[in-house]
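Presented below is the structure to which this report refers.
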Amino acid sequence: MTTSTKTDPKAQWRGAVVEFFIDKKLTLGVCLEAKGERFLVLTEADREINLPESRFLHIAPHALNVQKGRDLLIQSLQEIAKRREELRARIDLGDVWELVWAEPEAYDCAFLAGLVFGEEVTPDHTAAMYRACWDDTIHFSRKGNTFAPNPPETVEQLLHQKIRKAEREHEITVAATFVKSIWEGYTPTSTELASQETWIELLKEYVLHDTEAPRYRLARDLLHRADATAADAPFKLLVCLGIWDEDENLLLLRLGVPTIFRPEALQEAHAAREMIERQATNIGRRRDLTALHAMSIDSELTHDIDDALSCELTDGLITVGIHIADPASVIQPDMLLDREACERVTSIYFPEGKIPMLPPLLSEEALSLVAGEVRPAMSVLVTLTPEGEIVEHQITPSLIRVAERLTYDDADARIGQELRLTQGFEVAQRLRQSRFDSGAIALPIPQVDLFVDRDKHITVRVIDREAPSQILVSEFMILANSLVGQFCAQRQIPIVYRGQAAPRETFPTSLTYDPVLHYRQQRAMNPARIGLEPTRHSSLGVDVYTTFTSPLRRYVDLLSHRQLHAYLEHGEPLYNEAQLKTIVAEVEAALSRAGTVEHDRRRYWLLRYLGERLGEVFTGIVLDRFPRNYLILLPDVMQEIDLPVGGKELAPGDHVKVRIETVQPRTGTLKISLVA
């Protein structure tokens, strides 16, 4: 910094040409007058500002006559700025560094300017050198108003960083040009796509994780340069590129849910299938129940059939067989196949398909209780009186051959016409009544089935869960799970139990669906919990309950089968309590993840379905009133929606007409209005 000693501050500063930063830009100005500790400065951009002396980077005193007109002062400043930039262009800091690096002391800009220009150094030369050193990020480091040469190793490192930064800048510029072209409708070649793989992954990260994405700022910079700043731009870009489908399941990707099986696990599955084929011809310790007339009852779309029923009348008693597929017979704990099943923890069902817990060649073929095929099973054989009282029961590994595959509609048509199914249904009704007598809660809420075909045609079907076939199957599954739970509790076999505390409020029992009553009943219920201690399941009305009947699609059920197998064969369980507790801790987080993904996807497709019906009028039922909104149920799709309070006063139970106004499946937005 060049200064001179003056007794009169005004004489010292008036007319001084100073350099300083405004908005991160080096700016030239002239001091018009001193105002206490600050100075009034006119800039080359014709702007007056007050600055303290500490803001000045370079000062050239008495450079201009402030008595000149304002326009002449600005012209002079611009000429000085141009002259200094021309001088700066002649400076090669690399050459200057070569002259001084061996003596690493701090040098002022006047000295460094003398090394470059070799002539009388003026304030313009000094300022030009200051500008060059200030902008330099490699050769010199600032020490107050002086600059010290960096060591050679630092210079080399900084040069490398500068080159990499330039390369990175080039890369992002090219990528931004590519993204901009896609945003404007260009269809890239496969070669172009391959060349932009890094940036495509960047966009995927950003869509899935937003501000939590590791390279969030870089993604934002890329999109800004490409002029693709709309909120949904990154997702739409990936759809345009063919990377994602317009209905991509983003939550599935975001949570990292496994969707494919590792090759080694599939190899184990093939070996397991061969073992199952051998079991079909080798009774071993299994009980041969292939002579029973077993029937599976499922949805017509079900392929992983893990339960079947038989019903036989002997000496006035009814023997019900609940036969469950037996993956534990071939999937051992030390197998990669088991590791994969534990990571998935459950099969996840979407309207457009599913992610199975076990490979389909096992869950849908070799282990599935396919009609006409001999399969290993775990059978719960229960002998009951016609009144539904249990006389005896046993749990046994078995071989079965399902005689018939029925849909729920098939079974409904035959109940009352065919003896086996009719007897089974009558017993199921008595078992159900017994549960109600023990405090079970009736929740006859219809179930919505959503189906999306390959052409993305969405079908919504409301299923009556009070149909005879539904009661028949559900009651015998509850019976089997309860009996297995009792068996293990009595013998202190560690197993995963499911329990539920009593509701916070009780309501009258109704087997006919009442939207308001059953909405309130659901709100009063406590969540079900899993654990290693047998506890009462209040809503089912049973003292002990586990899950055993879906081992092809629930890992906890597979664990139940393993514990039973080991106990029945060797007199002791496979897992001790500590081992099972560790597994359960791992399973719970994965179960929560799977439930979230499944619920989110069903809502997405339901909103897509309603989005195709914008403007249509639906019948709604008022479930509840809150300070700012009503909660409305649309029975046609069993969807609950908020309706703002206003206009007509409504009460729970009122039937109303509502219009679909806004649907945004990606954000989960659904808005309706009341039709007068």
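What you see is a predicted model; the values in this text were computed from it and never measured.
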> How about V584 and L532: do any of their side-chain heavy atoms sit closer than 4.5 Å?
Replying inline: yes
> Between E598 and R593, is there a side-chain N and carboxylate O pair less than 4.0 Å apart?
Replying inline: no
> Looking only at atom types and distance, does a side-chain atom of S398 sit under 3.5 Å from a main-chain N or O of I400, one as donor and one as acceptor?
Replying inline: no
> Should we count CZ of R523 as having more than 12 external heavy atoms under 6.0 Å?
Replying inline: no
> Between OH of Y497 and OG1 of T535, what distance do you get to the nearest 0.5 Å?
Replying inline: 10.0 Å
> Are more than 12 heavy atoms from other residues, nucleotides or ligands located less than 6.0 Å from atom CD of Q492?
Replying inline: no
> Given side chains that start at C-beta, do those of M295 and L309 come closer than 4.5 Å, heavy atoms only?
Replying inline: no
> Under 30°, 30 to 60°, or over 60°: which ring-plane class applies to Y513 and H518, parallel, tilted or perpendicular?
Replying inline: parallel
>> salt bridge (charged side-chain N to carboxylate O under 4.0 Å, His left out) for R405 and D298? Distances and angles first, verdict last.
In response: CA-CA 8 Å; R405 170 177 178 162; D298 281 287; 5.9 Å; no
> Do the charged groups of E373 and R401 touch, with an N to O distance under 4.0 Å?
Replying inline: no
> How far apart are the C-alpha atoms of E300 and R461, what are their side-chain angles, what is the distance that settles it, and do they pass the salt bridge (charged side-chain N to carboxylate O under 4.0 Å, His left out) test?
Replying inline: CA-CA 13 Å; E300 61 270 21; R461 188 170 64 185; 3.3 Å; yes
> Ion pair present between R430 and E387, side-chain N to carboxylate O less than 4.0 angstrom?
Replying inline: no
> So do I458 and L450 actually touch side chain to side chain, heavy atoms under 4.5 Å?
Replying inline: yes
> Heavy-atom count around K581 NZ within 6.0 Å, excluding the residue itself: above 12?
Replying inline: no
> Would you call R432-E466 a salt bridge at under 4.0 Å N-O?
Replying inline: yes
>> I want to check something: taking the side chain as every heavy atom from C-beta on, are Q500 and R529 in contact at a cut-off of under 4.5 Å?
In response: no
> Are Y567 and L564 close enough, and set up right, to give a side chain to side chain contact (heavy atoms under 4.5 Å, CB included), and what steps lead you there?
Replying inline: CA-CA 5 Å; Y567 184 84; L564 284 172; 5.8 Å; no
> R262 and E343: salt bridge (charged side-chain N to carboxylate O under 4.0 Å, His left out), yes or no, with the steps?
Replying inline: CA-CA 12 Å; R262 284 168 275 193; E343 288 174 0; 3.4 Å; yes
>> I'd like to know whether R613 forms a salt bridge (charged side-chain N to carboxylate O under 4.0 Å, His left out) with D636, so could you lay out the CA-CA distance, the side-chain angles of the two residues, the decisive distance to 0.1 Å, and finally the verdict.
In response: CA-CA 13 Å; R613 287 153 181 80; D636 288 349; over 6 Å; no
> When the ring planes of F548 and H561 are compared, do they come out parallel, tilted or perpendicular, using 30° and 60° as the limits?
Replying inline: parallel
> Does the distance from a Lys or Arg side-chain N to an Asp or Glu carboxylate O, for E364 and R553, drop under 4.0 Å?
Replying inline: no
> Would you call E312-R420 a salt bridge at under 4.0 Å N-O?
Replying inline: yes
> Is any side-chain heavy atom of Y519 closer than 4.5 Å to a side-chain heavy atom of L631?
Replying inline: yes
> Is it the case that T547 and D557 place a side-chain donor and acceptor less than 3.5 Å from each other?
Replying inline: yes
>> Measuring only between side-chain heavy atoms, which start at C-beta, is L384 closer than 4.5 Å to L431?
In response: yes
> Taking atom types as modelled, is there a side-chain donor on H565 or D326 under 3.5 Å from an acceptor on the other?
Replying inline: yes
> With a distance cut-off below 6.0 Å to the six-membered ring centre and an angular limit of 45° from the axis, does R602 pair with Y349 as a cation-pi contact?
Replying inline: no
> Going by atom types alone, do T407 and D410 pair a side-chain donor with an acceptor below 3.5 Å?
Replying inline: yes
>> Counting only heavy atoms from other residues, nucleotides and ligands, does the tally under 6.0 Å from NE2 of H293 exceed 12?
In response: yes
>> Any carboxylate oxygen within less than 4.0 angstrom of a Lys/Arg side-chain nitrogen, looking at D247 and R601?
In response: no
> For E533, does the CD atom sit with more than 12 other heavy atoms under 6.0 Å from it, leaving out its own atoms?
Replying inline: no
> With a 3.5 Å cut-off and no angle check, do the side chains of S469 and D412 form a donor-acceptor pair?
Replying inline: yes
> Are any non-hydrogen side-chain atoms of S310 and V320 less than 4.5 angstrom apart?
Replying inline: no
> Is the closest side-chain heavy-atom distance between Q470 and D464 below 4.5 Å?
Replying inline: no
> So does E505 pair up with R520, basic N to acidic O under 4.0 Å?
Replying inline: no
>> Between R666 and E246, does any side-chain N to carboxylate O distance fall below 4.0 Å?
In response: no
> Between D306 and R554, is there a salt bridge with N-O shorter than 4.0 Å?
Replying inline: no
> Crowded around R504 CZ? As in, over 12 foreign heavy atoms under 6.0 Å?
Replying inline: yes
> Does the side chain of R344 come under 3.5 Å of the side chain of Y555 through a donor N or O and an acceptor N or O?
Replying inline: no
> Around atom CD1 of I260, are there more than 12 heavy atoms of other residues, nucleotides or ligands at under 6.0 Å?
Replying inline: no
